[in-house]
There are 2 protein chains.
Amino acid sequence: MMGALLDEATEILRSRGGRMTSQRKRILESLELLGSHPSADEIFAFVSQSDPTLNLSTVYRTLRWLEQEGLISARHFHFDEDRRTDRFDAASPIDHHHFICTECKSVIEFDNRLIGEVKNQFSRQTNCWVQSVSVVLYGLCPNCQK
Amino acid sequence: MMGALLDEATEILRSRGGRMTSQRKRILESLELLGSHPSADEIFAFVSQSDPTLNLSTVYRTLRWLEQEGLISARHFHFDEDRRTDRFDAASPIDHHHFICTECKSVIEFDNRLIGEVKNQFSRQTNCWVQSVSVVLYGLCPNCQK
DNA sequence: AAATTATTGCAAATCATTTGCAATAAAAGT
DNA sequence: ACTTTTATTGCAAATGATTTGCAATAATTT
Ligand SMILES: [Mn+2]
Ligand SMILES: [Mn+2]
Ligand SMILES: [Zn+2]
Ligand SMILES: [Zn+2]
């Protein structure tokens with residue numbers, strides 16, 4: 001249960017002559033601890049508490065590597081203000097979708113088999129081959145509806 | 001048919017003491033001509049042909065204003081390379097969705113009533129109020145499947 | 001035509017992210 | 001353990017899209 005990401009990453013590194021460093025360990029850890037969808041900066045701030053020498057570049061390099069390996073996914077949620085910062089998702093890209101409360105910025109993950117249907121119908125109608133689907137709902141969570 | 005955007009924009013300007021300038025006219029025009037989902041830079045390049053004095057800031061200012069007024073929408077399509085440039089959509093945010101061919105970068109617009117269902121089911125289950133839905137499919141268009 | 005002020009062009013600032021490079025430290029070889 | 005190899009890091013500078021301050025310009029009003 002705990003350390004799934006770290007184990008997978010370690011395995012990939014081993015198989016390629018890569019090195020599991022203390023900074024990578026901490027970044028992996030933080031991805032599991034910070035459940036939400038943290039930005040590189042948030043991960044940096046969190047890990048910095050326990051390792052003040054960590055550099056933001058290392059955070060980015062590690063995240064991009066994990067992304068390439070398919071262990072995490074980068075997303076842009078279209079917040080009112082900040083359209084531009086990537087958020088990182090410890091889960092694989094393909095198996096869930098997101099609701100964003102535009103007021104408190106909380107994120108709810110969900111899935112729905114109808115989404116598969118949408119994909120199938122589109123494929124059938126256009127002969128496009130659909131590899132992945134991104135669904136993002138924006139609105140107000142129960143709390144923020146007042 | 002032609003000039004819908006320009007007409008709406010002109011009307012809004014009129015009602016607020018704004019001014020319909022030549023640069024705004026050209027930018028609005030280009031949004032209708034360039035059917036695809038152009039970036040600010042692409043709009044800039046296009047309009048520059050007919051007005052070499054136009055400045056990129058003006059393009060951005062106009063686009064952001066149109067976005068605020070709800071006449072166009074800004075989107076980020078999650079292309080492999082460039083995750084960071086906004087693309088502008090002459091259509092309103094709410095009434096259609098997109099398929100992106102990750103090979104040739106072409107965009108196909110579509111809609112599907114099931115998406116409304118997904119939204120309704122989510123609302124019912126979580127008591128969240130959903131304001132907007134973004135669906136983006138990534139894959140290969142018929143041509144690029146070889 | 002003169003006055004008013006919304007809008008522009010220009011240059012500089014922002015801000016998230018990336019990159020080059022020399023210093024550091026895993027892992028491998030001895 | 002000691003040395004070698006080289007993957008990885010920290011640091012500082014670069015990038016690239018977008019934004020912003022401000023003086024100059026041009027629509028509109030008077
Ligand atoms: Mn998620
Ligand atoms: Mn569109
Ligand atoms: Zn909320
Ligand atoms: Zn294609």
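Here is the naming used below: chain letters follow the sequence lines, and residue numbers restart at 1 for every chain.
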In this structure, how many angstroms lie between the [atom2] atom of [N] and the [atom1] atom of [X], rounded?
| X | N | atom1 | atom2 | result |
| --- | --- | --- | --- | --- |
| A:Asp86 | C:dT18 | CG | P | 7 Å |
| B:Arg75 | D:dA17 | CZ | P | 21 Å |
| A:Asp51 | D:dT9 | CG | C1' | 11 Å |
| A:Arg26 | D:dT9 | CZ | P | 13 Å |
| B:His76 | D:dG16 | NE2 | C1' | 15 Å |
| A:Trp65 | D:dT9 | CH2 | C1' | 15 Å |
| B:Leu56 | C:dA11 | CG | P | 13 Å |
| A:Arg14 | C:dA27 | CZ | P | 8 Å |

- Query: Would you call the rings of A:Tyr138 and A:His78 parallel, tilted or perpendicular if under 30° counts as parallel and over 60° as perpendicular?
  - Reply: perpendicular
- On the 0 to 90° scale, with breaks at 30° and 60°, tag the B:His98-B:His37 ring pair as parallel, tilted or perpendicular. perpendicular
- Which residue, B:Arg84 or B:Asn55, contacts DNA chain D at a nucleotide closer to its 5' end, judged by nearest heavy atom? B:Arg84
- Query: Taking for each residue the nucleotide of DNA chain D bearing the nearest heavy atom, is the 5' side occupied by A:Gly17 or by B:Arg87?
  - Reply: A:Gly17
- Message: Is there a side-chain contact between B:Phe77 and B:Thr102 in this structure, where contact means two heavy atoms from C-beta onward sitting under 4.5 Å apart?
- Response: no
- Message: If you define the side chain from C-beta out and look only at heavy atoms, does anything of B:Lys25 sit under 4.5 Å from B:Leu28?
- Response: no
- With a 6.0 Å cut-off on ring centres, are A:Phe122 and B:Phe99 close enough? yes
- Transitive ILVMFWY side-chain link B:Leu71 to B:Val59, under 4.5 Å: yes
- Are A:Leu63 and A:Leu33 grouped together when hydrophobic residues (ILVMFWY) are joined by side-chain heavy atoms under 4.5 angstrom apart? yes
- Item | Over 12 foreign heavy atoms within 6.0 Å of CD, A:Gln121 | yes
Polar-atom pairs under 3.5 Å, protein N or O versus N or O of nucleotides 13-15 of chain D: list them with distances, or write none.
none

- Item | Among C:dG9, D:dG10, C:dT18, the nucleotide that comes nearest once only the side chain of A:Leu54 is considered | D:dG10
- Which is true for A:Ser39 with a 4.0 Å heavy-atom rule: it touches a base, it touches only sugar-phosphate, or it touches nothing? nothing
- Under 4.0 angstrom, heavy atoms only, what part of the nucleic acid is B:Asp41 near: base, sugar-phosphate, or nothing? nothing
- Query: Between A:Asp86 and A:Arg64, is the closest basic N to carboxylate O distance under 4.0 Å?
  - Reply: yes
Do the side-chain N or O atoms of [X] get closer than 4.0 angstrom to the phosphate oxygens (OP1, OP2) of [N]?
| X | N | value |
| --- | --- | --- |
| B:Thr53 | C:dG9 | yes |
| A:Arg64 | C:dT18 | yes |
| A:Arg61 | C:dT18 | no |

Below 3.5 Å between N/O atoms, which protein atoms pair up with nucleotides 24-28 of chain D? Just atom names and distances, please.
residue, atom, partner, partner atom, Å
D:dA27, N3, B:Arg19, NH1, 3.2

- Looking only at heavy atoms, what is the nearest atom pair of A:Leu6 and A:Glu32, with distance? N-OE2, 4.2 Å
